Amino acid sequence: MDLESQDLIKKHLNTKDFAKFKKLIAKPTLYDVPESLTGELRPYQKIGYSWLVQNIRYGFGSILADDMGLGKTIQVLSAILYYKEKDLLEDKTVLIIVPPTLISNWENEIKKFTPELTYFIYHGSNRSYPLENYDIILTSYGVVRLDLDMFLDERWFLCVIDEAQNIKNPNTEQTKAIKSVNARSKVALTGTPIENKLMDYWSIFDFTNKGYLSTKDSFKKQFVIPIEKLEDEETIHELKTIAKPFVLRRLKTDDDIKDELPEKFTNDIYCTLSKKQVKLYNAILEEIFFDIENSKGIQRKGIILKILTALKQTCNHPAQFLAIKNPKINESGKMELLVNILENILANDEKVIIFTQYVEMGKLIQELISKKFKQEVLFLHGSQTLKEKTRIIDAFQEDDDYKIFVATLKTGGTGLNLTAAQNVIHYDLWWNPAVENQATDRVHRIGQDKDVMVYRFITKGTLEETIDAISKHKTDLAAKSISNDETFLTEMTNEELKEVLKLRL
């Protein structure tokens, strides 16, 4: 590391921590892989594992931000195992905090790769805290918030959070609870360190290395405004420089990684609205624009967000917006397209995952597609119990009779391994490309041995084309964290809004 970079970092560390930092970078070490690890670390995973061990050794926090599917879990477990084998855990415990849907995944990874590590799952309505010592306590964000006193009683050897975007909002009670946990070192895992705003990045950093990026207000003044508003290249360079020692991010497109993954082919597939959809789309615009023109402020913004949802639902299927019974496939151009794509996939005896933002749309897809193809369609959504979700995922992964898997983006889009499929369909698009990519990475990840086909459904001449154009533009700006949501539409004039939303047949 050059002297200029060291000088920038020195501004953010006290004298004692900077002395430790100088030792940290003096000679980057590749540590031997733990003897009892029952898996093999790929070359880039060995680097990540060694980086974690080194940071933990000197008491610094780490953000492991590898692309989804590149094996962050095994790198963390290997680091914990290293400290156990060296008798450095000293009867201390590692706390791992994850979304509820990932508890089974972590348990399986511990059993598979690090069976020497003892663990206890503290979760569920009948949970009770163990009296004996374990290497790992595995729990969820919600449980830490509810039972915070239980976790504050101990100084943990290490605190690991998975899907760290769960603490991106620094003002929530959940985020405050997680950050109050006392640990010798902290690790945050995320495939999307910056989802929407640069403050997300600050909040995660505030967990791993508190104070390093200064206070929330100072960070906003020093970095957020120059980068998000002015796109100042010098400030971007400074932030990347000071963050670099404590953030490790490898992408699937990196030269040393892409050879280890099969190809991913992304296809934009266009469809047209049915006559019923055209009529409904125009009726919604006409009715709600009357309300927009007669409202102001917060009320106007609420109406605009309401119209966006109504139009997206109409593009999916009229039955989703109208909540009518006995829906038909030919009432939706997009549903007809889905049937055509599925016919080809099933003819090749392949598996497929279909993502949608909406639970109601997921139910519609499940109902219509199961009838059409006379086979059971699995559906994963948020209101299911952990046991139900695990059963559905295992059935899809292990039973060849299940070919079609429907999942909501929120539930199925993060943290899961769904490599049995080699086809991904995004039935409806979202404004944030990171969310879409996260979902695709459930399939295109380490462990996948087939090329992956991704189909993005876009209804021609509608709001969905606008979403697609903005989404692709935002991908280029993601590193600068320009906002990726729909709220910018609420700032448009009535005339601009009509131009964006109108049906272009």
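Atom set for the values below is all heavy atoms of this structure, side chains included, hydrogens, waters and symmetry mates excluded. Please read all numbers here as calculations on a predicted model, not as lab measurements.
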- Is K460 close enough and on-axis enough to Y270, meaning under 6.0 Å and within 45°, for cation-pi? yes

- Would you check, one step at a time, whether the test salt bridge (Lys or Arg N to Asp or Glu O under 4.0 Å) holds for R445 with D441? CA-CA 6 Å; R445 59 193 296 116; D441 287 341; over 6 Å; no

Would you name the heavy atoms of [X] and [Y] that are closest together and state the gap between them?
| X | Y | value |
| --- | --- | --- |
| K220 | M199 | CE-SD, 4.3 Å |
| N423 | K351 | ND2-O, 3.1 Å |
| N55 | P245 | ND2-O, 3.9 Å |
| G48 | R250 | CA-NH2, 3.7 Å |
| I97 | S140 | CG2-C, 3.7 Å |
| L152 | S180 | CD2-O, 3.2 Å |

- Message: Nearest 0.5 angstrom please: K92 NZ to E154 CD, how far?
- Response: 7.0 Å

Distance-only side-chain donor-acceptor flag, [X] / [Y], under 3.5 Å:
| X | Y | value |
| --- | --- | --- |
| E436 | Q438 | no |
| D147 | Y129 | no |
| D66 | Q75 | yes |
| T459 | T462 | no |

- Message: Determine whether F60 and F246 satisfy the following criterion, ring pair (Phe, Tyr, Trp, His ring centres under 6.0 Å), listing intermediate values before the conclusion.
- Response: CA-CA 8 Å; F60 290 108; F246 309 114; 5.2 Å; yes

- Task: Give the intermediate values and the outcome of salt bridge (Lys or Arg N to Asp or Glu O under 4.0 Å) for residues D428 and K312.
- Result: CA-CA 8 Å; D428 38 51; K312 286 194 287 186; over 6 Å; no

With a 4.5 Å cut-off on side-chain heavy atoms, are [Y] and [X] touching?
| X | Y | result |
| --- | --- | --- |
| T118 | I136 | no |
| F207 | I178 | yes |
| T408 | Q357 | no |
| N166 | I161 | no |
| D206 | L213 | no |
| S78 | F113 | no |
| V187 | T208 | no |

Tell me whether [X] at atom [atom1] has more than 12 heavy atoms from other residues, nucleotides or ligands lying less than 6.0 Å away.
| X | atom1 | answer |
| --- | --- | --- |
| D91 | CG | no |
| D32 | CG | no |
| K46 | NZ | no |

- Message: If you apply the rule salt bridge (Lys or Arg N to Asp or Glu O under 4.0 Å), what do you find for K84 with D135, and how did you get there?
- Response: CA-CA 8 Å; K84 177 166 185 175; D135 297 324; 2.6 Å; yes

- Task: Would you please indicate yes or no on a ring centroid separation below 6.0 angstrom for F405 and F396?
- Result: yes

- Query: Where do N316 and E464 land on the side-chain contact (heavy atoms from CB on, under 4.5 Å) test, with the steps shown first?
  - Reply: CA-CA 10 Å; N316 279 349; E464 290 192 334; 4.3 Å; yes

